[in-house]
Chemist: 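Just dropping this structure here.
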Amino acid sequence: MKREQMMEAVRKQMPAKRWQHTLGVMESAVELAHRFGGDPEKADLAALLHDYCKYWPVEKQRQVIVDNRLPEELLSYEKPLWHAPVGAFVVAEEFGIDDEEVLDAIRYHTSGRVGMSQLDKIICLADYIEPNRDYPEVANLRRLAETSMEKALIAGFDSTIHYLLSKGEKVFPMTLMARNSLIDEVREREGKKR
């Protein structure tokens with residue numbers, strides 16, 4: 001499928017505001033790839049597809065998870081987590097995307113994971129800081145992202161975790177583990193002891 005066709009297919013899956021978000025994530029992902037030595041083409045593709053199933057009805061997302069043996073533990077956590085693994089599965093099926101690095105970046109863009117790849121970090125962080133985002137911590141995340149994707153992501157996960165705690169919601173364990181893994185990466189890089 002040509003890029004223009006794929007863009008149109010993605011645009012049709014979401015309201016106009018979310019399409020603007022997707023374009024912003026694409027812009028930020030390519031910028032981050034250039035800044036940190038990533039692959040801009042893969043960053044652009046993963047960013048384009050990362051929210052493909054975001055606006056699908058939750059029952060449809062649930063059915064994809066159950067029918068295709070995706071991790072069912074997701075079903076006991078916040079529904080906004082579901083679209084990421086569902087999206088990775090669906091874009092592989094519908095668009096023939098077979099690049100596991102791209103699929104993983106889509107799969108883990110909401111939760112993170114232990115040992116995030118560079119592309120995982122790029123898409124997750126671009127989702128937090130794209131130009132249309134407007135929340136209290138975003139300026140700090142953008143500032144941190146000038147020099148460290150890991151520090152910016154830790155701050156992003158902290159923001160997410162604080163939000164969930166303030167609402168009395170459960171925190172997806174993989175997000176906590178991803179945050180801790182990034183802290184270890186930063187400490188190791190800076191030569192600090194654990």
Chemist: Under a single-linkage definition using a 4.5 Å side-chain heavy-atom cutoff for Ile, Leu, Val, Met, Phe, Trp and Tyr, are L49 and I123 assigned to the same hydrophobic cluster?
Modeler: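 The answer is yes; both residues are in one hydrophobic cluster.
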
Chemist: Report yes or no: do I97 and M7 belong to one cluster of Ile/Leu/Val/Met/Phe/Trp/Tyr joined by side chain heavy-atom distances under 4.5 Å?
Modeler: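 Hydrophobic grouping puts I97 with M7.
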
Chemist: Is there a path of hydrophobic side-chain contacts, each under 4.5 Å between heavy atoms, that joins V186 and M149?
Modeler: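 As far as the 4.5 Å side-chain criterion goes, M149 and V186 are connected within one cluster.
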
Chemist: Determine whether more than 12 heavy atoms belonging to other residues, nucleotides or ligands lie under 6.0 Å from atom NZ of K170.
Modeler: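 More than 12 heavy atoms, drawn from other residues, nucleotides or ligands, come within 6.0 Å of this atom.
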
Chemist: Are more than 12 heavy atoms from other residues, nucleotides or ligands located less than 6.0 Å from atom CD of E41?
Modeler: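 Atom CD in E41 is not crowded, with 12 or fewer foreign heavy atoms closer than 6.0 Å.
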
Chemist: Could you verify whether a donor N or O on one side chain and an acceptor N or O on the other, from T160 and Y128, lie under 3.5 Å apart?
Modeler: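 Distance-only check passes for T160 and Y128.
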
Chemist: Answer yes when R107 and D120 have at least one side-chain N-carboxylate O distance shorter than 4.0 Å, and no when they do not.
Modeler: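 So R107 does not pair with D120 through a salt bridge.
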
Chemist: Which atom names give the shortest non-hydrogen contact between S159 and Y135, and what distance separates them?
Modeler: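 Looks like OG-CE1, 4.4 Å.
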
Chemist: Indicate the atoms forming the closest heavy-atom contact of P80 with K54, along with that distance.
Modeler: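 Where P80 meets K54 most closely, the heavy atoms are CB-NZ, 4.4 Å.
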
Chemist: Applying side-chain contact (heavy atoms from CB on, under 4.5 Å) between I106 and each of V102, T110, D104, report the one that passes.
Modeler: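 Option passing the side-chain contact (heavy atoms from CB on, under 4.5 Å) with I106: V102.
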
Chemist: If I compare all heavy atoms of S148 with all of F36, which pair ends up nearest, and what's the gap?
Modeler: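 Scanning both residues completely, I find the closest heavy atoms to be N-CZ, 3.8 Å.
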
Chemist: Of all the heavy-atom pairs spanning E150 and L182, show the shortest one and how long it is.
Modeler: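 Looking at all heavy atoms of both residues, the closest pair is CG-CD2, 3.9 Å.
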
Chemist: Treat each ILVMFWY residue as a node, draw an edge where side-chain heavy atoms are under 4.5 Å apart, and state whether M177 and L81 are in one component.
Modeler: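 No, M177 does not connect to L81 through the hydrophobic network.
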
Chemist: What are the two closest heavy atoms between H50 and D127, and how far apart are they?
Modeler: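 That would be NE2-OD1, 3.4 Å.
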
Chemist: Would you please say whether a donor-acceptor pair under 3.5 Å links the side chains of H21 and E130?
Modeler: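 Short answer, yes.
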
Chemist: Please answer: with hydrophobic residues joined when any side-chain heavy atoms are less than 4.5 Å apart, are Y55 and V90 in the same cluster?
Modeler: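 Same cluster: Y55 reaches V90 through Ile, Leu, Val, Met, Phe, Trp or Tyr contacts under 4.5 Å.
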
Chemist: Would you call K151 and E190 a salt bridge, taking side-chain N to carboxylate O under 4.0 Å as the test?
Modeler: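 Salt bridge: yes.
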
